Amino acid sequence: MCIRDSPNCVVLGKRKGSDGDGEWAVPGGHLSFGEEVEQTAARELEEETGLTGSNFELLTWDNAIDHQQGYHYVTAFVKCQVETEPVNMEPDKCAGWEWRDWSSFPEPNHLFLGLRRIRARKVNPFP
């Protein structure tokens, strides 16, 4: 979860062509063998957005299951700080990235399942 302290923004992208097509999500992906979750977050952030983060910190875990879609992921939500603007490095997988204020997100039914679930649990990356 890539954040800017002012004004409490998170970078979101609209997914394309896979699970959650058309839903908003934070940058992320699968662990590579031997990686720590913070390393995965840094790698995926750069691969998807061109951003280089700092101060990576595990925020929370989520166990998202959608029986109808046959979807089950355990997701580590890792937050970090960035200073620059995102670039859409994978246009075949994402319609584009934008900063969204944590308090005025898209409607829950437009969020990727894991993100929807942590918002429902009132997880806040801005203590």
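What's counted below: heavy atoms across the whole structure, side chains too, no hydrogens, waters or symmetry copies. On a predicted model such as this, the values are computed, not experimentally measured, just so you know.
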Cluster overlap V26 with W24, hydrophobic side-chain contacts below 4.5 Å: yes
Fill in: Exam field: side chain E35 to backbone S32, donor-acceptor pair closer than 3.5 Å
yes
| Going hydrophobic residue to hydrophobic residue with side-chain gaps under 4.5 angstrom, can you get from V11 over to F56? | yes
Cluster link V78 to L31, ILVMFWY, side chain under 4.5 Å: yes
Mind checking whether W97 and L51 have side chains closer than 4.5 Å, heavy atoms only? no
Would H67 and I65 satisfy side chain to side chain contact (heavy atoms under 4.5 Å, CB included), going step by step from the backbone distance to the final call? CA-CA 6 Å; H67 293 282; I65 303 169; 3.5 Å; yes
Query raised in the report: Does a side-chain N-to-carboxylate-O contact under 4.0 Å join E48 and K93?
Result: no
Closest heavy-atom pair, L58 versus A76, reported as atoms and distance to 0.1 Å, is CD1-CB, 3.9 Å
Check your understanding: Going through the distances and angles, do C80 and L45 end up as a side chain to side chain contact (heavy atoms under 4.5 Å, CB included)?
Key -> CA-CA 10 Å; C80 71; L45 177 65; 3.7 Å; yes
Does any N or O in the side chain of Q39 come within less than 3.5 Å of the main-chain N or O of E36, such that one atom is a donor and the other an acceptor? yes
Worked check of side chain to side chain contact (heavy atoms under 4.5 Å, CB included) between R121 and D62
CA-CA 10 Å; R121 290 185 2 232; D62 184 66; 3.1 Å; yes
message = Is there a path of hydrophobic side-chain contacts, each under 4.5 Å between heavy atoms, that joins L59 and F112?
response = no
**Message:** Taking V10's backbone N and O only, do any of them form a donor-acceptor pair with R100's side chain (distance below 3.5 Å, no angle check)?
**Reply:** no
ask   = Side-chain contact, heavy-atom cut-off 4.5 Å: W61 with V37?
value = yes
Scanning both residues in full, the closest heavy-atom pair of D66 with Q69 reads OD1-N, 3.1 Å
Query raised in the report: Is there a donor-acceptor contact under 3.5 Å from the side chain of W99 to the main chain of E85?
Result: no
Audit row: T75, L115, side chain to side chain contact (heavy atoms under 4.5 Å, CB included) steps and yes/no
CA-CA 9 Å; T75 304; L115 185 56; over 6 Å; no
### Message
Here's one to test your reading of the geometry: is the NZ or CZ of R119 within 45 degrees of the ring axis of W102 and under 6.0 Å from its centre?
### Response
yes
Quiz prompt | Ion pair R15/D21, N-O distance below 4.0 Å | solution = no
Rounding to 0.5 Å, atoms CD (E98) and CG (L12) come to a distance of 7.0 Å
Sub-3.5 Å donor-acceptor pair from the side chain of K16 to the main-chain atoms of P91, do we have one? yes
Would you mind reporting whether P125 and F77 have side-chain heavy atoms less than 4.5 Å apart? no
- prompt: Should F105 and L111 count as side-chain neighbours, where that means a heavy-atom distance under 4.5 Å?
  reply: yes
Rounding to 0.5 Å, atoms OG1 (T52) and CD (Q81) come to a distance of 14.0 Å
Sorted by chain and residue number, the side chain to side chain donor-acceptor pair (under 3.5 Å) partners of N63 (sequence neighbours excluded) come out as H72
Please step through salt bridge (Lys or Arg N to Asp or Glu O under 4.0 Å) for the pair E23 and R116, ending with a clear verdict.
CA-CA 10 Å; E23 295 176 337; R116 183 180 335 140; 3.5 Å; yes
With sequence neighbours left out, the residues meeting ring-ring contact (aromatic ring centres under 6.0 Å, His included) with Y73 are H30, Y71
When rounded to the nearest 0.5 Å, the distance separating OG1 of T40 from CD of E38 is 8.5 Å
All heavy atoms of F126 vs all of N124, minimum pair found to be N-OD1, 2.8 Å
Checklist entry - So, the side chain of N88 versus the backbone of C94: is there a donor-acceptor pair under 3.5 Å, distance only? => result yes
